[in-house]
Amino acid sequence: MNPVCVIGIDGGTFKIIDPLCKSGALRALSKLISEGKKFELISTIPPLTPSAWSSFLTGKNPGKHGILDFYELDENFKYRLSSFKLRRQRKLWNILSEYNLKSIIYFVPFTYPPEKVNGIFVSGFLTPSINSDFTYPSEFKRELLEKFSNYRITENIRFSRKNSHRFFEDLVELTDIHGDVMEYLIKNKDFDLFLGVFMTVDHAQHWLWYDKGKVEFIYKRIDEKIERIISILPEGSLVVIMSDHGFQDLKGHFYVNSFLLREKFLKLKGGLKNSIKLLMYKSGLSPLRLSKIVYKLGLENLLRKDKESFGKTASKIGFSYSDIDFEKTYAFGFGYYGFIFINEKERFPFGIVRKNEREKIIEDIKSSLLDLSREYKINIKIFLREEIYSGENLHLMPDIVYSLDDFSYVSSWVAFPDFNFFGPSMTEKTGDHDTKGILIIWQKGRKLNIKSEGTASIVDILPTVLKFLNIEIPSDIDGKALI
């Protein structure tokens, strides 16, 4: 049986790849595109790392696998990682293990702690540190660290405009480390599926999007690694190059809870403490202003190292989720893109909205968002959960998802950074996600019958791999094979 090699370029976009291929700067990707097929890969709505990678790994939409964001709120309004849900899902490597096929899974985001697999598993982005148990089998960790003494999970240097070149050099080094590990695994270990991910493009584009030369250099470095990898793959191997989402300019932040507050869908608690906070906001001392002061003083690294302390300080001077009066609130926002949840009695222990009132509130919020679109001259698309998701976890999805200028505005992890609706990035990010990722399919030394080029969905990759490996495609997935 011919093996499959899937290389993920997290955040990869043809906006960068196409011009570089045209100039001859990407030899490997140019070869794969010219001899194989290229698709614009449509990501999940919204185009977020957890939902997109989970959809790729399961072949299902978020309404089935239940994962949309990095975090979710528990009943005490505390943040918790949502990654535990992915462990309950049947993923690509689980299916292959059932057929006694071997997998090497390397650095896929959102996979810590590593799962037991028929093969080798090295968890990826969000792995705490190399001191954690981040490999399966556990003894492979020793081999990995002995062979690659400089191995690390993420960057050592945190970005700021003052040290942008050091940050860039650190990303190049990290790209080399992960590329060399992938090459080692492919050379020395047996597999039917190799799945490895480069995370450095995503991080480069978040922070260095304004400096295209540095971003392009990371793509060129990854292209060199891909060229080495495909050179050692056996004839007949299927090669899939993919991303979870694309990238674009980050225009700013939208403060959804401040919007819902003005539109009277959300209420804040009263009391002396909140009256003082209100006066502080009116005087200009909000979490947004605090973050601006932190960056102006050059203390952004301190903020990143101790987000918990900053969050506690922000909640003391600013309005957080604990300040929302849920007994008088019809809807609230949460998440990276400010998803809107209707405060239903049947859904939340603090809910007040009856089932027969839900549709009216949704229509009122939609109307308010369209008024906002006209007021600020911004393109707003509104998606109701039943329109874009389906499955057993539909009830966990937000009631309203929306995009501002095609997701070029993100939300904030602080509930009320300011009482204005829009603000600049609270970090120094200049780039963020869009829904248009990359997909390239090629078979080494063979002419593969691939469906016409154009667009494909991220859920189509799993059935494509299974079909190539002559494995029955599960009936409950949403994707369709492209070969």
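Below, all heavy atoms of this structure are taken into account, side chains as well, without hydrogens, waters or symmetry copies.
Between Lys64 and Asp476 there is no salt bridge, since none of the side-chain N atoms of the basic residue sits less than 4.0 Å from a carboxylate O of the acidic one. The pair Lys451-Asp460 does not meet the salt-bridge criterion, since no charged nitrogen lies less than 4.0 angstrom from a carboxylate oxygen. Ionic pairing of Glu227 and Lys31 is not present here: no N-O contact between side-chain nitrogen and carboxylate oxygen is shorter than 4.0 angstrom. Contact check on Asp432 versus Lys251 returns no salt bridge, with no Lys/Arg side-chain nitrogen under 4.0 Å from an Asp/Glu carboxylate oxygen. Using a cut-off of 4.0 Å between Lys/Arg side-chain N and Asp/Glu carboxylate O, Asp223 and Arg27 are scored as not salt-bridged.
Ring orientation note: the planes of Phe168 and His165 are tilted relative to one another, at an angle of 30° to 60°. Aromatic ring orientation, Tyr409 versus Phe422: perpendicular (interplanar angle above 60°, classes split at 30° and 60°).
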- Message: Run Phe159 and His203 through ring-ring contact (aromatic ring centres under 6.0 Å, His included) and show every step you take.
- Response: CA-CA 10 Å; Phe159 174 82; His203 292 187; over 10 Å; no
- Message: Between Asn118 and Leu96, does the side-chain contact (heavy atoms from CB on, under 4.5 Å) criterion hold? Intermediate values first, please.
- Response: CA-CA 8 Å; Asn118 182 18; Leu96 267 59; over 6 Å; no
- Query: Run the side-chain contact (heavy atoms from CB on, under 4.5 Å) check on Lys189 and Phe140 step by step: do they pass?
  - Reply: CA-CA 12 Å; Lys189 307 295 178 182; Phe140 179 70; 4.1 Å; yes
- Query: Taking it one step at a time, do Ser103 and Leu195 satisfy side-chain contact (heavy atoms from CB on, under 4.5 Å)?
  - Reply: CA-CA 8 Å; Ser103 299; Leu195 168 56; over 6 Å; no
- Item | Check against side-chain contact (heavy atoms from CB on, under 4.5 Å), Ile153 and Tyr112 | CA-CA 12 Å; Ile153 307 295; Tyr112 178 83; over 6 Å; no
- Message: Go through it in stages, so that I can follow the logic: the residues are Lys381 and Asp406, the test is salt bridge (charged side-chain N to carboxylate O under 4.0 Å, His left out), and I'd like the CA-CA distance, side-chain angles, deciding distance and then a yes or no.
- Response: CA-CA 8 Å; Lys381 294 179 184 176; Asp406 293 324; 3.1 Å; yes
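For Phe383, the CZ atom sits in a packed shell: over 12 heavy atoms of surrounding residues, nucleotides or ligands are nearer than 6.0 Å. Around NZ of Lys436, the count of heavy atoms belonging to other residues, nucleotides or ligands within 6.0 Å does not exceed 12. In Asn150, the CG atom is crowded: over 12 heavy atoms of neighbouring residues, nucleotides or ligands sit closer than 6.0 Å. Counting heavy atoms of neighbouring residues, nucleotides and ligands inside a 6.0 Å radius, atom NZ of Lys480 does not exceed 12 of them. Counting heavy-atom neighbours within 6.0 Å of Lys102 NZ, excluding the residue itself, gives a total of 12 or less. Within 6.0 Å of atom CD in Glu387, more than 12 heavy atoms from other residues, nucleotides or ligands are found, so the atom counts as buried in its surroundings.
The shortest non-hydrogen separation linking Tyr389 to Asn61 is CA-OD1, 3.5 Å. The shortest heavy-atom contact between Pro46 and Leu68 is CD-CD1, 3.9 Å. Across Phe341 and Pro398, no two heavy atoms sit closer than the pair CE2-CA, 3.5 Å. Minimum interatomic distance between Ser164 and Lys214 (heavy atoms only, all atoms of both residues): O-CE, 4.4 Å. In terms of heavy-atom proximity, Tyr336 sits nearest to Asp69 at N-OD2, 2.8 Å. The shortest heavy-atom contact between Ile483 and Thr464 is CD1-O, 3.6 Å.
Contact of the Phe39 side chain with the Ile450 side chain is registered, since non-hydrogen atoms from C-beta on lie closer than 4.5 Å. A 4.5 Å side-chain heavy-atom check between Ile120 and Thr135 finds every atom pair outside the cut-off. Inter-residue side-chain proximity for Val122 and Phe134 is flagged as met; some heavy-atom pair is nearer than 4.5 Å.
Taking OG1 from Thr44 and CD1 from Ile388, the interatomic distance works out to 9.5 Å, rounded to the nearest 0.5 Å. Remark: Ile441 CD1 to Ile33 CD1 distance equals 12.0 Å, nearest 0.5 Å. For the atom pair OG of Ser55 and CD1 of Ile477, the computed distance is 11.5 Å after rounding to the nearest 0.5 Å. Note: Cys21 SG to Ile16 CD1 = 11.5 Å, rounded to the nearest 0.5 Å. Atom CG of Leu185 is separated from atom CD of Glu143 by 8.0 Å, given to the nearest 0.5 angstrom. Here the CH2 atom belonging to Trp209 is positioned 8.5 Å from the CD atom belonging to Gln248, to the nearest 0.5 angstrom.
By the 6.0 Å and 45° rule, Lys37 does not stack over the aromatic ring of Trp442. Cation-pi geometry between Lys225 and Phe198 is not met: the NZ or CZ atom fails to fall both under 6.0 Å from the ring centre and inside 45° of the normal.
A donor and an acceptor atom, one from each side chain of Ser138 and Asp133, are nowhere located under 3.5 Å apart.
None of Tyr337, Phe247, Phe407 except one satisfies the ring pair (Phe, Tyr, Trp, His ring centres under 6.0 Å) rule with His433; the exception is Phe247. Screening Thr58, Thr111, Asp244 for a side chain to side chain donor-acceptor pair (under 3.5 Å) involving Trp53 leaves a single residue, Asp244.
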